[in-house]
Engineer: 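Pasting in a structure now, in C-alpha cells, and then I'll have a few things to ask.
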Amino acid sequence: MQRFRFFLCVSCVSAEEERRVRANDREYNEKFQYASNCIMTSKYNIITFLPINLFEQFQEVANTYFLFLLILQLIPQISSLSWFTTIVPLALVLSITAVKDATDDYFRHKSDNQVNNRQSQVLIRGSLQNEKWMNVRVGDIIKLENKQFVAADLLLLSSSEPHGLCYIETAELDGETNMKVRQSVSVTSELGDSNNLASFDGEVVCEPPNNKLDRFCGTLYWREKKYPLTNQNMLLRGCVLRNTEACYGLVIFAGPDTKLMQNSGRTKFKRTSIDRLMNTLVLWIFGFLVCMGVILAVGNAVWEREVGSLFQSYLPWDPPVDNFLFSAFLSFWSYVIILNTVVPISLYVSVEVIRLGHSYFINWDQHMFCSQCNTAAEARTTTLNEELGQVEYIFSDKTGTLTQNIMIFNKCSINGQTYGKCKNTESGLDFTPFNPLADPNFCFYDDTLLESVKVGDLHTHEFFRLLSLCHTVMSEEKSEGELLYKAQSPDEGALVTAARNFGFVFRSRTPGTITTTEMGRPVTYTLLAILDFNNIRKRMSVIVRNPEGKIRLYCKGADTVLFERLHPCNQELMNITSDHLNEYAADGLRTLALAYRDLSEDEWETWSESHRCADKATDCREDRLAATYEQIEQDMLLGATAIEDKLQEGVPETIAVLSLANIKIWVLTGDKQETAVNIGYSCKMLTDDMTEVFIISGHTVQSVRQELRSGWGEACFMGNGFKEGQEGDVLAGGEKQPQCSPSPPPPPNFMENISGEFALVINGHSLAHALEADMEREFVSTACACKAVICCRVTPLQKAQVVELIKKHKKAVTLAIGDGANDVSMIKSAHIGVGISGQEGIQAVLASDYSFAQFRFLQRLLLVHGRWSYLRMCRFLCYFFYKNFAFTMVHFWFGFFCGFSAQTVYDQYFITLYNIVYTSLPVLAMGIFDQDVPDQRSLEYPKLYEPGQLNLLFNKRQFFICIAQGIYTSVVLFFVPYAVLSDATQSTGVPLADYQTFAVTTATALVIVVSVQIALDTGFWTVFNHVFVWGSLGSYFTIMFALHSQTLFRIFPNQFHFVGRAHSTLMQPVVWLTIALATAICTVPVLAVRFLKLDLKPQLSDTVRYTQLVRQKKRKPLGRSGRLGARGGSRRSGYAFAHQEGFGELITSGKNMRLSSLALATFASRHSSSWIDTLRKKKHTHSHTPPSASEEGSPAPTYVSGSIPPLSNSSSILGGSQDTPIEETGTAPAPNTQIVRPSSSHTPPSLAPDSDAAAPQVPGAGALTSAAAKCHGGDSPGSWTLTLGSVQVSWRYLLFIFQ
C-alpha cells in the first residue's frame, strides 16, 4: 500500500500548483496526498524483477529478433535445428544482463534502506519521539542536533543559537564544504522548546516541488499575519547541521519531492559513433540475411520443381506442403533460422563487458591518481570509452580547470603607488613580530608596503581597512588568535588574509556589526547595509558606521565597472592605476579595483528608505534593488589588488601534446578578455610566433560580422593565400580597418589555400551575435580555421551553445572539461563530459562521464586509454563479424549441394557452442587487453591518435573488408574439404565422403582457422590471451569428443547422432592434411597482404614498434629549455572576484554568523604528405565547413614523461620522407642522411630524437622525431634539417608484423 501511495503522490505532484502545509496537523495535510519521506531509487523488487527486466531487455531489437527465431524453431515444418540452439545463447545473454541489472539494483536497495532507516526526533502529540526517516510526514516538526543530516526539506522555526541562526554544510547538495548560514523567521525564533512548538499551528503556502536549490518562495500565515519566506529560511535534505546545538524545522517537502531528489534525475543518455554504426550494420546484416534466404528459397523452388518431383515416390513432401512454392516459403524461414548467426546475438553484451574492463583500467591507473588530494580517476560511465579515442575538439573552462583556483595576494596599487616584488628576489616577509595574529602561511615580498603600514600612511590603512570590511567571509576562532576563515571564493579568502597580515584583522561579525583588530586595537563597526554581488553588477559594497559615527561606503569590483562610476576629479589617479593594472596583467595576475565614498546622515537616511521599499517589493525586487544600489555607488578611487591564480602542473605540456594529436582546444570562461588572453599565453595556447591573434569585440550584429570577415581576409593575406589584395590597415588585436564596402563571406574551403597560425578571442556579447542562425556558419568557419579559440565573458548557457554549434556543423567528437557548477551545461552538451574535482565543489563531477583531479591527466585519458579503447573495440568488431560470417556462410554454400533442403553443415551442438564457448573468450581477451604500442609510446607520439579521429580502424569500408574475408574463409572451408573428401578413402578403403565426416572436418578447420586468425590479430599477448585462445581450442576438442562418445549416445540416443565420428574422422591423416591446407589457404593471403601493406604503406604504429624493436640503445633524455619571449600589447588581467549572490543579504539579516613552463617548439610550416593528412582533407572537403589548419607548425614539448619526444606534427611518418628539423651539433650526420638548408630562415633549431646516429629506418617513414625544443633566444639562420633515407624492406619485418 505504501509503495502504491508513493506512485500516487508523484502523479499528484505533477499537477500541483501550490503547496499548503499546516504544522502539527497530519489529518489536514494527508488530504493533499503528499509523498511520504520514503525514497526508492531502485527499479525492481523480488516480484517485479523478472517481468520488468525481461520487458526492458526485449526492447532491444536483437533480443526480440532472436525470440522471434525461437518461436519459428518450435514449428517442425520450418526448423531443421533444435530449439536449444537459439535458446541457450539467448538465455545466456539475457542472464548476464539480468545479473548485472540485479547487482546494480541490489546496491540501490541497500542504499535506500540505509537512508530510510535513519532515526529522527519528531514532535508527536507534544513530545519528541524517535521515528525512522521513512515515517516522517509533511507538516511534522523535527528536532535536529549537531552533526545530524537533515531528514527532509524543512522550514527553520527556531534554533539554540541567537537570532534563530543555524549553520549547515551543503557538500552533498553542491559539493561545497564551507559552512552556510540559515535563519528562522523572527516570529518563530522565540519558540525555543517543544512545548511552545507543540501549539504552533501556522500554515505555509509555497511553490510546488522543484529542483531549484537556490530559491524558495512562500508565505507563513500565523495569528492572522503573514511573513515572507525565502531560501534562507530553508534547510534542505542532505545538508548537515554544524556548530549548532539544536534546531527545529517544519517539514515542507518530503521524500521524492525534496530538492535533493528532484535533482537526482538521470542525465541524457550518450551513444558513441561506433554504437550508431553498429546499429546500422546490424540492419544491413539482417537485410543480407533476408537476401540469402530469398536466394536459397528460390533455389529450393527451382529444385523442387525440376528435380524434387522425381523423388516424390520415396521422398514425398510433408503433409502441409502441396506445391513447390509453399515448399520455397517454408525453406525461406528455415534458412532464416539456420543463417541467423550472421546477426550476432552476443555482440552487445560482449561490447558491454569490454567497456566495463576498459573503465576499470581507467579507475586503476596509478598515473592518473592525485596524491595531493587523494583522488583517483573515475570512469562514471561505461558507454563512451572508445569515443575517448576520437576526440577532435576540447572545450575547457579556465579557473580551476587550467588554473589551480588557489589565490595568492601578489601585488597592489595604493593611491598611485605600486607594491609587490617577484618572489625570487628575496625571502618572504616575517609578519610575526609586527602582528601576532598574522597567518604564517601568507607570503609577500615587498617590505615597503609593510613599512607604509607601520608609519601610518592613511591611504594604505584605508586600503586594508576596506579589505577587512568589504566581504562576506565567516570567521571561526578555535582558540585565542587562531582564526579560520570560511570564504565564498578563493579570491575573497586571499584578500581578507592579506589584510589580516598587514594589521587589519577581521575577527567576527553579527547581523549588525563587524569586529576587527586594527594595528592591535579592537574596533567594532556598525554594518548598515550590504550591496550584494551578482554577475551583472560585478561588484559588491558595504556601508558601515565607524566608532566615531562616520558613515562610509566601501566597494570592490571589476575595474571596468568601477572606472565608470568615478568622479571626474579622479581621472589622473585612474590613469596611473590603469597603468598598474596593465603591468599586473602582463604578469598574468587577476585584478580587482577598490573604492570608497563618504556619506552624510541625510544621504544615508534617504537612500536607506528607498532601499527598504525596494527590499519589501513583491514584484521585480531584484531590479529595484539594483537601481537603488546604482544610486549610491558613486565612488572615489582608492587602489587595486593583483592576485595570482597559478596554472596547474603540466597544463602547457598537456595542451602542446594534445595539439600535436590534432586536437583543437577552446577555452570558454566567464572571466574577462584580458584574463583569458593572459592564461592563453601562460599555457602556450597563444604564442608570440602566431601569425595573428584576432579579437572579436563588436556590440552589434554588423560589427561582429565585419570583424569575422576581416579576420578571414587578414588570414588570407598574412597566410600568403588567395585574395592578397584585400589587406587593410591592421589594428591592435588583429582587427582590420573596415573598408568602404563590407567584406564578402568567406568561400566554403578558403582555409585550404592559406597557411600560418591564427588565434581567435571573442567576448560574450559578441558571441551572442555570432551564435545567431544567420552568422553561426561564418563564426564556425573562422573559429575552426584558428589554432586556438578563447571565448571570454560567456554564460553557462553560451558554453553549451558553443559546444552544440560545433556538434551541429562539424562531424567531430567533442569533449568538455570543467570543475564548477557553471560548467555543468557544457559538460552535458558535449559528447564526453569530464569533471575536475577541484575547489568549486563536485557539481561538475556529478554531471560528468569521467573525472579526475588535474587537467594534465586528460593527456593520458585520451592518448592512452581513449586510443587503446578505440583500437581494441575496432579490432574486436572486425574479428567478431569475420568469425560469424566465416561460420554462417558455409551453410549458404552447402545449400546448393543439398537440394536447398535447409540441412545444416555442422552438428547442432557445435552451432550452439560456437559463439558462447569456442570463440567468445579469445575475442573478449583481445578486446580488453590488446594494444599496438605501450602507453609510453602513445604519449610520445601523439600522431598515433589521428586514426581514431578519422575513424579509420572501423568504418563501413573496414566492415565490408571483414565480411569479404569471412566469406572467403567460408568458401575455403567448404570447398576444400568438399573437394578433398569427395574422392578420399580411409586406410581400409572405406570412402570418407559422408556427411558426418565432412561436418567434423569443416567444423575443426573452422575453429583452427579463426583461432589462428585471432592469434595474428592480437598485438599484445597476456596470460589471459594465451589461456583463452589455446584453452578455447582445447575445449573444442574436449567437448567434441565428449559429445560424440558412446556414453552420451546410450543415455540420449535421439539427441547425439554423431556417435564416434570425431575419433574416426580425426584419426585419418588426409583429414588433417585437409585442415592444414584450408588453414594455409585462409591465412597465407592475410600474411601476404599485411606484409605488402607494411612494405608499401606502413602505419605509424608499425613504424614505432619496429623502431623500438630493433633499437639497441636507450634514448638519452633531452633537457633543452627556453624562456618564452616577451609579448607586446596590453592585456588586462582578470576580475579577481569569483563570488556568489545572496550572502550580503544573509549577513545584514543576521543569517550569516557564526609552472615552470616547458619550452615549446614551432616547426616550419609545410604541408604533410602523409595518407592521414590526405584523408583528413577529404573528410573536411565533404563537410560543410572548412577544416582547421592547426596541423601545421604545432608546438610540442621537448619530451613528455619519458626520454623520447613526441612526433613532430609536421613530419610525415606514414607518407614519403620529409625534412624534419634537427639541432645542429658537433657530430657528423649519420649514414643515409643528407644535410640541407631550411627553406625559411624562421625555422627554429630543434633536437634530434635520438643521439644514436645509427637509429633504424623504416621504408615509407620520415624522420622519427617526436618534437623539437624551441630556442627562444632568436631564430637561427644556420639551422639544419635532417632527411632520413629509406632502405628496402627485408624479412625481418615479419618479426613485428603480428606482435
Engineer: Is there a side-chain contact between Lys1097 and Leu1092 (heavy atoms, below 4.5 Å)?
Structural biologist: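 Sidechains of Leu1092 and Lys1097: no contact.
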
Engineer: Taking Thr1022's backbone N and O only, do any of them form a donor-acceptor pair with Asn1025's side chain (distance below 3.5 Å, no angle check)?
Structural biologist: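 Answer holds: yes.
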
Engineer: Would Thr969 and Met889 satisfy side-chain contact (heavy atoms from CB on, under 4.5 Å), going step by step from the backbone distance to the final call?
Structural biologist: CA-CA 9 Å; Thr969 301; Met889 289 301 294; over 6 Å; no

Engineer: Which residues pass the side chain to side chain contact (heavy atoms under 4.5 Å, CB included) test with Leu921, not counting sequence neighbours?
Structural biologist: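 Leu924, Phe1028, Ser1032.
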
Engineer: Only counting residues at least two apart or in another chain, list the ones meeting salt bridge (Lys or Arg N to Asp or Glu O under 4.0 Å) with Arg867.
Structural biologist: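 Per chain and number, Arg867 pairs via salt bridge (Lys or Arg N to Asp or Glu O under 4.0 Å) with Asp932.
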
Engineer: Indicate the atoms forming the closest heavy-atom contact of Gln958 with Leu952, along with that distance.
Structural biologist: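 Looking at all heavy atoms of both residues, the shortest contact is CG-O, 3.5 Å.
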
Engineer: Whether the side chain of Thr997 engages the backbone of Thr1065 through a donor-acceptor N/O pair (distance < 3.5 Å, no angle test) should be reported.
Structural biologist: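 No, Thr997 side chain to Thr1065 backbone: no donor-acceptor pair under 3.5 Å.
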
Engineer: Can you list everything that forms a salt bridge (Lys or Arg N to Asp or Glu O under 4.0 Å) with Lys100? Sequence neighbours excluded, please.
Structural biologist: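 Asp104.
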
Engineer: Below 4.5 Å, heavy atoms only, C-beta onward: do Val336 and Phe332 meet side chain to side chain?
Structural biologist: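 Counting from C-beta outward, Val336 and Phe332 do come under 4.5 Å.
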
Engineer: For a quick test of reading the model, state the closest non-hydrogen atom pair linking Phe894 to Thr904 and the distance between them.
Structural biologist: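 Smallest interatomic distance, heavy atoms only, reads CE2-O, 3.9 Å.
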
Engineer: Can you confirm whether or not the ring centre of Tyr906 sits under 6.0 Å from the ring centre of His891?
Structural biologist: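 Tyr906 vs His891: aromatic centres under 6.0 Å.
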
Engineer: What is the minimum heavy-atom distance between Met926 and Arg875, and which atoms define it?
Structural biologist: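 Residues Met926 and Arg875, closest heavy atoms: CE-O, 3.4 Å.
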
Engineer: Just do the side-chain contact (heavy atoms from CB on, under 4.5 Å) check on Val1086 and Phe1091 with the steps written out, would you?
Structural biologist: CA-CA 9 Å; Val1086 176; Phe1091 181 86; over 6 Å; no

Engineer: Of all the heavy-atom pairs spanning Ala902 and Ile338, show the shortest one and how long it is.
Structural biologist: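 That closest heavy-atom pairing would be O-CD1, 2.8 Å.
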
Engineer: Should Trp893 and Ile967 count as side-chain neighbours, where that means a heavy-atom distance under 4.5 Å?
Structural biologist: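 A side-chain contact exists here, since the closest heavy-atom pair is under 4.5 Å.
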
Engineer: Using a 4.5 Å cut-off on heavy atoms from C-beta on, say whether the side chain of Tyr914 contacts that of Leu1006.
Structural biologist: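 In short, these two side chains touch, coming nearer than 4.5 Å.
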
Engineer: With rounding to the nearest 0.5 angstrom, report the CE to CD1 distance, Met873 to Ile274.
Structural biologist: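 Atom-to-atom, Met873:CE and Ile274:CD1 are 6.5 Å apart.
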
Engineer: Taking the six-membered ring where the residue is Trp, are the ring centres of Phe897 and Tyr978 under 6.0 Å apart?
Structural biologist: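 Centroid separation for Phe897 and Tyr978: below 6.0 Å.
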
Engineer: Testing the 3.5 Å rule here: is there a donor-acceptor pair between the side chains of Asp935 and Ser938?
Structural biologist: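 Looking only at side-chain atoms, Ser938 and Asp935 do not form any donor-acceptor pair under 3.5 Å.
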
Engineer: With sequence neighbours excluded, what pairs up with Asp907 under the salt bridge (Lys or Arg N to Asp or Glu O under 4.0 Å) test?
Structural biologist: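 Asp907: no salt bridge (Lys or Arg N to Asp or Glu O under 4.0 Å) contacts found.
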
Engineer: Rounded to the nearest 0.5 Å, what's the gap from CG on Leu877 to CZ on Phe959? Could you check?
Structural biologist: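 Nearest 0.5 Å value for the CG-CZ distance: 10.0 Å.
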
Engineer: Listed by chain and number, what are the ring-ring contact (aromatic ring centres under 6.0 Å, His included) partners of Phe876, not counting sequence neighbours?
Structural biologist: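 Applying ring-ring contact (aromatic ring centres under 6.0 Å, His included) to Phe876 gives Phe880.
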
Engineer: Tell me, please, which residues at least two apart from Phe1037 pass ring-ring contact (aromatic ring centres under 6.0 Å, His included).
Structural biologist: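 If we apply the ring-ring contact (aromatic ring centres under 6.0 Å, His included) test to Phe1037, skipping adjacent residues, there are no hits.
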
Engineer: Going by heavy atoms in the side chains, are Leu973 and Val1009 under 4.5 Å from each other?
Structural biologist: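 Yes, at least one pair of side-chain atoms sits under 4.5 Å.
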
Engineer: Determine, step by step, whether Phe1024 and Ile928 satisfy the side-chain contact (heavy atoms from CB on, under 4.5 Å) criterion, reporting the C-alpha distance in whole Å, the side-chain angles of both residues, the deciding distance to 0.1 Å, and the verdict.
Structural biologist: CA-CA 10 Å; Phe1024 297 102; Ile928 294 175; over 6 Å; no

Engineer: With distance as the sole test, does Tyr870 use its side chain to make a donor-acceptor pair with the main-chain N or O of Leu953 at under 3.5 Å?
Structural biologist: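 Answer holds: yes.
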
Engineer: Identify every side-chain donor-acceptor pair in residues 281-303 under 3.5 Å, counting partners at least two apart or on other chains, and give the distances.
Structural biologist:
unit_1, atom_1, unit_2, atom_2, d
Asn300, OD1, Ser327, OG, 3.0
Asn300, OD1, Ala328, N, 3.4
Asn300, ND2, Phe900, O, 2.8

Engineer: Quick one, Glu387 and Ser273 - any side-chain contact, counting heavy atoms below 4.5 Å?
Structural biologist: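 In short, these two side chains touch, coming nearer than 4.5 Å.
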
Engineer: Looking only at side-chain N and O atoms, does Asn884 offer a donor or acceptor that is under 3.5 Å from a partner on Tyr879?
Structural biologist: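 The answer is no; no qualifying pair exists.
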
Engineer: Let's go through Ile1075 and Ile1008 carefully: what are the C-alpha distance in whole Å and the side-chain angles of both, what is the deciding distance for side-chain contact (heavy atoms from CB on, under 4.5 Å) to 0.1 Å, and is it a yes or a no?
Structural biologist: CA-CA 8 Å; Ile1075 294 173; Ile1008 292 176; 3.7 Å; yes

Engineer: Do the non-hydrogen side-chain atoms of Tyr360 and Leu356 ever get within less than 4.5 Å of each other?
Structural biologist: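 When only atoms from C-beta onward are counted, Leu356 and Tyr360 do touch, with a gap below 4.5 Å.
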
Engineer: So how far is it from Ile916 CD1 to Ser350 OG, rounded to the nearest 0.5 Å?
Structural biologist: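 Nearest 0.5 Å value for the CD1-OG distance: 11.5 Å.
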
Engineer: Rounded to the nearest 0.5 Å, how far does OG1 of Thr912 lie from CZ of Phe910?
Structural biologist: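 If we round to the nearest 0.5 Å, Phe910:CZ and Thr912:OG1 are 10.5 Å apart.
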
Engineer: Tell me, do Phe998 and Phe974 make a side-chain contact under 4.5 Å, heavy atoms counted?
Structural biologist: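 Yes; the side chains approach each other to less than 4.5 Å.
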
Engineer: Taking atom NZ of Lys883 and atom OG1 of Thr888, what is their separation to the nearest 0.5 Å?
Structural biologist: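 Taking NZ in Lys883 and OG1 in Thr888, the distance rounds to 9.0 Å.
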
Engineer: May I ask you to check whether Tyr995 and Gln903 show a side-chain donor-acceptor distance below 3.5 Å?
Structural biologist: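 Tyr995 vs Gln903: donor-acceptor pair found between side chains.
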
Engineer: Tell me if the NE2 atom of His1026 is crowded by more than 12 foreign heavy atoms within 6.0 Å.
Structural biologist: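 Buried by this count: over 12 neighbours within 6.0 Å.
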
Engineer: So which atom in Phe954 and which in Cys874 form the shortest heavy-atom distance, rounded to 0.1 Å?
Structural biologist: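 Between these two residues, the closest heavy atoms are CB-SG, 3.5 Å.
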
Engineer: Write out all pairs satisfying side-chain hydrogen bond (donor to acceptor under 3.5 Å, both in side chains) with one or both partners inside residues 1000-1014, taking only residues at least two apart or from two chains.
Structural biologist: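 Every pair satisfying side-chain hydrogen bond (donor to acceptor under 3.5 Å, both in side chains) with a residue in residues 1000-1014: Gln965-Gln1013, Thr1004-Tyr1036, Gln1013-Asp1017.
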
Engineer: Could you pull out all residues at least two apart from Phe892 that satisfy ring-ring contact (aromatic ring centres under 6.0 Å, His included)?
Structural biologist: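 Phe896.
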
Engineer: For His358, which residues count as a ring-ring contact (aromatic ring centres under 6.0 Å, His included) partner, sequence neighbours excluded?
Structural biologist: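 Not a single residue meets the ring-ring contact (aromatic ring centres under 6.0 Å, His included) criterion with His358.
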
Engineer: For Leu72, does its backbone N or O pair with a side-chain atom of Trp333 as donor and acceptor, under 3.5 Å?
Structural biologist: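 No.
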
Engineer: Between Ser1035 and Val917, what is the shortest heavy-atom contact and its length?
Structural biologist: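 Ser1035 and Val917 have their closest heavy atoms at OG-CG1, 4.2 Å.
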
Engineer: Applying salt bridge (charged side-chain N to carboxylate O under 4.0 Å, His left out) as the test, list every pair that has at least one member in residues 349-359; sequence neighbours left out.
Structural biologist: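 Found Asp275-Arg355, Glu352-Arg355, Arg355-Glu386.
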
Engineer: Nearest 0.5 Å, please: how far is CH2 in Trp868 from CG in Leu871?
Structural biologist: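 Nearest 0.5 Å value for the CG-CH2 distance: 10.0 Å.
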
Engineer: With a 3.5 Å distance limit and no angle check, can you tell me whether Ser1064 reaches the backbone of Arg1061 through a side-chain donor-acceptor pair?
Structural biologist: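 Here the side-chain-to-backbone pair exists.
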
Engineer: With sequence neighbours excluded, give me every salt bridge (charged side-chain N to carboxylate O under 4.0 Å, His left out) pair touching residues 965-988.
Structural biologist: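 Non-adjacent pairs meeting salt bridge (charged side-chain N to carboxylate O under 4.0 Å, His left out): zero.
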
Engineer: Please test Gln390 against Tyr945 for side chain to side chain donor-acceptor pair (under 3.5 Å), starting from the C-alpha separation and ending with a verdict.
Structural biologist: CA-CA 8 Å; Gln390 299 179 278; Tyr945 190 79; over 6 Å; no

Engineer: Will you find, in the side chains of Asn915 and Thr341, an N or O donor that is under 3.5 Å from an N or O acceptor?
Structural biologist: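 The criterion, which ignores hydrogens and geometry beyond distance, is not satisfied for Thr341 and Asn915.
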
